[in-house]
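Here's the structure, in structure tokens; my notes come after.
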Amino acid sequence: MGNWEENVRKVVPYVPGEQPNKPGMIKLNTNENPYPPSPAVMKALGEIRADGLRRYPDPSSKILIDAIAESYGIDPNQVFVGVGSDDVLAMTFMTFFNSNRPVLFPDITYSFYDVWADLLRIPYEIQALDEQFCICKEDYKKKNGGVIFPNPNAPTGVLLELGDIEEIIQANRDVVVVIDEAYIDFGGESALPLIEKYDNLLVVQTFSKSRALAGMRIGCAFGQPMLIKYLNDVKYSFNSYTMDETALAIGAAAVRDKAYYKETVKKIVATREWVKKELREMGFVFEDSMSNFIFAAHTSVRAQYILEELRKNNIYVRHFHKPIRISNYLRITIGTDDEMKKFLKTLKNILEKR
Ligand code: PMP
């Protein structure tokens, strides 16, 4: 055997949440939306013709970009789209984090960031969240090769105020600052208006959560035209046809139906606030979440035990073993009222049995 393995790029991959498909399961493990996508999406799906699939999709993704720009009141050349925000974020790492200085992100955060950094050999330095799982803005004021964090942060759900975000951007005018707003629609204030003021700010969003389209894979980024141009240069150097024809049509239909999206987000937020109260009464502790999940630890029962018992009842939540500081926490996605009633009832039984 030759030693070709020496020349292989070896990586420790990101591990996505599992996608079981069991009848009657309550799936609260990957922050999906419990409601179906907009009826406009169903209509657009019905209008897709198989014959059109002979052709390559529009590499510029014009119909989707125009619909997003119109909906957000910005210019199409301030919008970039990709195959879920994972694709947009991967392009972002490739495009903007090209320095010998380390990129900064929190110690507890989206666990894909260090995977992309390692894959692309980008130096990085993690910054510890404080005791309340809050991002300490002062940590992001040193020399660096770029800054990225989710707002609200994941898996904590903790939101950083817009004023603090602006302070971080102002302290980092020589690098690109990326705010990953996967969960911003569930109660936070978006940094989107700041793109007019700061040419080094990129705001990334997704259609997977508030727009209930995780299966369609649509994400986007907002920034000044120069940032978007650089992103496109890398995209066209990697894969020109990222977005398929179906995703373009579905995404455009979804983003236009603002009323439906607002209504489902409102329902999820109301359920979240009710579930927070119930969990506290059961002895769970957590920081306030402004996302579609709650990141909670029980004061006396171990997370691993609760996770396993819930699973025996066909209920799935997410558990992260690392870092150690969060190993006793469970991340619970907000489902429908009915799902959460069943979840809470089962949880009560599990805790009483102990
Ligand atoms: N950012 C954060 C913080 C996330 O939690 C997720 C969901 N896994 C993503 C980005 C990626 O979402 P998607 O690729 O579905 O848009």
Side-chain angles (χ1 to χ4, degrees), residues 13-19 27-34 37 41 61 64 68 79-94 97 103 105-117 119 126 129 133 135 147-160 165 177-188 190-192 202-222 231 235 239 242-244 247-248 250-251 254-255 261 268 289-295 316-320 326 329-334:
Y14 169 76
V15 183
E18 60 179 322
Q19 289 296 93
K27 193 172 175 303
L28 310 175
N29 70 329
T30 50
N31 297 342
E32 289 149 335
N33 196 312
V41 163
S61 304
L64 178 57
I68 293 173
V79 183
F80 177 81
V81 290
V83 188
S85 55
D86 279 343
D87 180 44
V88 175
L89 290 164
M91 293 288 156
T92 297
F93 270 71
M94 258 193 268
F97 299 158
V103 169
F105 49 82
D107 60 342
I108 300 166
T109 195
Y110 187 28
S111 47
F112 222 140
Y113 296 162
D114 58 352
V115 174
W116 283 313
L119 171 70
I126 55 174
L129 298 181
F133 287 158
I135 287 175
V147 171
I148 181 164
F149 56 84
N151 197 44
N153 196 6
T156 62
V158 175
L159 184 81
L160 191 64
I165 291 194
V177 176
V178 183
I179 311 296
D180 175 356
E181 292 191 337
Y183 303 101
I184 196 69
D185 296 332
F186 300 102
S190 174
L192 177 58
L202 192 79
V203 176
V204 177
Q205 293 193 1
T206 178
F207 282 41
S208 299
K209 317 292 177 186
S210 56
R211 297 186 195 277
L213 283 173
M216 202 68 245
R217 313 306 300 127
I218 303 171
C220 54
F222 306 111
L231 268 176
K235 179 200 116 159
N239 175 6
T242 49
M243 307 298 290
D244 66 66
L248 294 176
I250 298 301
V255 79
Y261 139 87
I268 292 166
S289 167
M290 290 300 259
S291 53
N292 67 338
F293 56 85
I294 298 169
F295 192 58
Y316 293 83
V317 296
R318 187 105 193 245
H319 180 234
F320 299 92
I326 61 166
Y329 279 76
L330 294 171
R331 194 192 66 187
I332 305 152
T333 304
I334 302 302

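For this chain, numbers begin at 1 and follow the sequence in order. Whatever order the structure lists ligands and atoms in, that order sets their numbers, starting from 1.
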Less than 4.0 Å from some atom of ligand 1, heavy atoms are found in residues G84, S85, D86, L89, Y110, P150, A154, D180, A182, Y183, T206, S208, K209, R217

Report yes or no: do N153 and Y110 form a side-chain donor-acceptor pair below 3.5 Å? no

Ignoring hydrogens and angles, tell me if any N or O in the side chain of Q205 forms a donor-acceptor pair with the backbone of D180 under 3.5 Å. no

Calculate, to the nearest 0.5 Å, the distance between atoms CD and NZ belonging to E32 and K27 respectively. 3.5 Å

CG of L202 to CZ of F222: how many Å apart, nearest 0.5 Å? 9.5 Å

Does the N29 side chain pair with the main chain of E18, one donor and one acceptor, at a distance under 3.5 Å? yes

Does R331 make a cation-pi contact with F295 (under 6.0 Å, within 45 degrees of the axis)? no

